[in-house]
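Worksheet: the structure to be examined is printed underneath.
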Amino acid sequence: MDAIAFGSTGTGTGSGTGSGTGAGRGTGAGRGTGAGGGASGDGLAANRLIRAEYPDLDPGAPYLNTATVGLLPARTAAALRGAVDEWAAGRPDTDAFEAAVVSARAAYARIVGVAVERVALASTVAESVGLIAARLPPGAEVVVADRDFSSLVQPFAAREDLDLRIVPLDALADAVRPGTALVAVSAVQSADGRVADLPAIRAAAAAHGARTLLDGTQSVGWLPLCADDYDYVVCHAYKWLLSPHGACFLTVRAGAEPTLSPGFAGWYAADDPWEWCYGPVTRLAPGARRFDARPAYLPLVGAAASLSLIEEIGVPAIHAHDTALAARFRDGLTALGHTPVPGPSATVTVALPPTAPARLTAAAVRFSTPTTSLRFAFHLYNTPSDIDHTLESLA
């Protein structure tokens, strides 16, 4: 790829280790161009790779809604079109589909810093969390954050024989105690973009022998992460990993396999799925692959392409770019007299006057409203001009 031209304080290129799940009603029109790293957030904006992947984005209509759904790169759209066209013409290429599954799994493993055998395929966050919830013994204490995303919480709430404790996010680490079986949290909160104190949560869990479950849907792709720091990490890739819905990954730390239910294993979870597809599976795959859901081919075709872009740019570069833009936007909101939620997140939420949504929509800004506050999310295709345009519409 072309060398990425960072801002004056930027650094080099390369892959890195590193979505929370998001909701929200999209509001406004479409947009975005380029991305950047460095303190000023303008370094990636001139990068030819980014421009080539997003050639049709309108600079006058900022897309600040990655926390709801990320934008597909051109390579991903081309891969999906090609697969669909061949399929419709009577030439579905199962071998190519399987190759995309292998590629996507391996790329995700590299992005989150684990061996590929630690990665299972899924289609939703709740499906993956359900494997963990189903295996907990009656009476087990599970600690979650107040207002965390429902897909992470509901599988535990559905089991009335579990002791589900819901505490404020800032109190999550202190809430872990002797007897806590599991602490589950989104690395970045969907509702307001706050970043959990992950080192404190890990330390508290280790001190009390609790297992850890991290939802990375709102963080993986911009926040550096080593998945092996947690017993389980689940991530739906359709936000910050720029992939289609249905491409979801679950990492399981070595030794934690017995703590997930094998009751949902199908033929694809076999050691050799193609050897025998009938009757009981006599030999499950080693590692996390024994929890594979049958992959939806098209989402994985798209994910293989999208994850290659994330790796080419590198999560550290994306993190520097996204957080620099978000910090600039917070500063601008503060200068206008508003009070955005503070923190190092790539997602910014703020309570604005009732007239603000209409003004933003008239200015063709895409944002979301998962709560009464407005949510803006900055990713690799955004630029400082997006921020200026959005702030001008609020001035």
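Here the structure is a predicted model, which means the values were calculated and not measured.
Residues Thr76 and Ser243 fail the side-chain proximity criterion, which asks for heavy atoms closer than 4.5 Å. Within the 4.5 Å cutoff, no side-chain heavy atoms of Leu213 are placed close to those of Val142. Contact check for Val220 versus Phe249: no side-chain heavy atoms found under the 4.5 Å cut-off. By the 4.5 Å heavy-atom criterion applied to side chains, Ile50 and Ile313 are counted as neighbours. Side chains of Tyr232 and Thr259 form a contact here, defined as non-hydrogen atoms less than 4.5 Å apart. Val129 places a side-chain heavy atom less than 4.5 Å from the side chain of Phe156.
Taking all atoms of both residues into account, the shortest heavy-atom contact from Arg290 to Leu284 is CB-CB, 3.9 Å. Scanning all heavy atoms of the two residues, the minimum distance from Gly221 to Ile318 falls at O-CG2, 3.4 Å. Minimum heavy-atom separation, Tyr108 to Cys235: OH-CB, 3.3 Å. Ala270 approaches Val281 most closely through the heavy-atom pair CB-CG1, 3.6 Å. When all heavy atoms of Val350 and Phe376 are compared, the pair lying nearest together is CG1-CE1, 4.0 Å. Nearest heavy-atom pair, Ser306 versus Leu241, reported as atom, atom and distance to 0.1 Å: CB-O, 3.4 Å.
In terms of modelled atom types and a separation under 3.5 Å, the side chain of Lys239 and the main chain of Val69 share no donor-acceptor contact. Counting only distance, with no hydrogens or angles, the side chain of Ser345 and the backbone of Thr347 share a donor-acceptor pair below 3.5 Å.
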- Residue pair Val234, Ile132: steps toward the side-chain contact (heavy atoms from CB on, under 4.5 Å) verdict: CA-CA 11 Å; Val234 60; Ile132 302 162; over 6 Å; no
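Applying the ring pair (Phe, Tyr, Trp, His ring centres under 6.0 Å) definition to pairs two or more places apart or across chains, none involves residues 331-358.
Note on Val185 and Val167: same hydrophobic cluster, where clusters join Ile, Leu, Val, Met, Phe, Trp and Tyr whose side-chain heavy atoms are under 4.5 Å apart, directly or indirectly.
The CG atom of Leu64 sits 10.0 Å away from the CZ atom of Phe367 when rounded to the nearest 0.5 Å. Interatomic distance, CG of Leu300 versus CD of Glu98, reported as 9.0 Å (0.5 Å rounding). Between the CZ atom of Arg147 and the OG atom of Ser190 there is a distance of 9.5 Å, given to the nearest 0.5 Å. To the nearest 0.5 Å, the span separating CG on Asp192 from OG1 on Thr349 amounts to 5.0 Å. With rounding to the nearest 0.5 angstrom, the OH atom of Tyr54 is 7.0 Å from the NE2 atom of His379. The structure places CG of Leu391 at 8.5 Å from CZ of Arg328, a figure rounded to the nearest 0.5 Å.
Aromatic ring pairs are classed by plane angle as parallel below 30°, tilted from 30° to 60° and perpendicular above 60°; the pair Phe97 and Tyr297 is tilted.
Side-chain contact of Ser393 with Arg359: a donor-acceptor pair under 3.5 Å is absent, judged by distance alone. In the model, Tyr230 has no side-chain atom that pairs as donor or acceptor with a side-chain atom of Thr251 under 3.5 Å.
Judged as a side chain to side chain contact (heavy atoms under 4.5 Å, CB included), and not counting sequence neighbours, the contacts of Arg75 are Leu49, Glu53, Pro73, Ala305, Ser308, Leu309, Glu312. The side chain to side chain donor-acceptor pair (under 3.5 Å) test applied to Asp231 returns Arg211, Thr212, Arg253, not counting sequence neighbours.
Taking the six-membered ring for Trp and the full ring otherwise, Trp267 and Trp274 have centroids separated by under 6.0 Å.
A salt bridge links Arg118 to Glu257: at least one charged side-chain nitrogen sits closer than 4.0 Å to a carboxylate oxygen. Between Asp148 and Arg194 there is no salt bridge, since no side-chain N of the basic residue sits under 4.0 Å from a carboxylate O of the acidic one.
Within a 6.0 Å sphere centred on CZ of Arg91, other residues, nucleotides and ligands contribute more than 12 heavy atoms.
The one candidate from Leu71, Thr383, Asp386, Asn382 that meets the side-chain contact (heavy atoms from CB on, under 4.5 Å) condition with Leu57 is Leu71.
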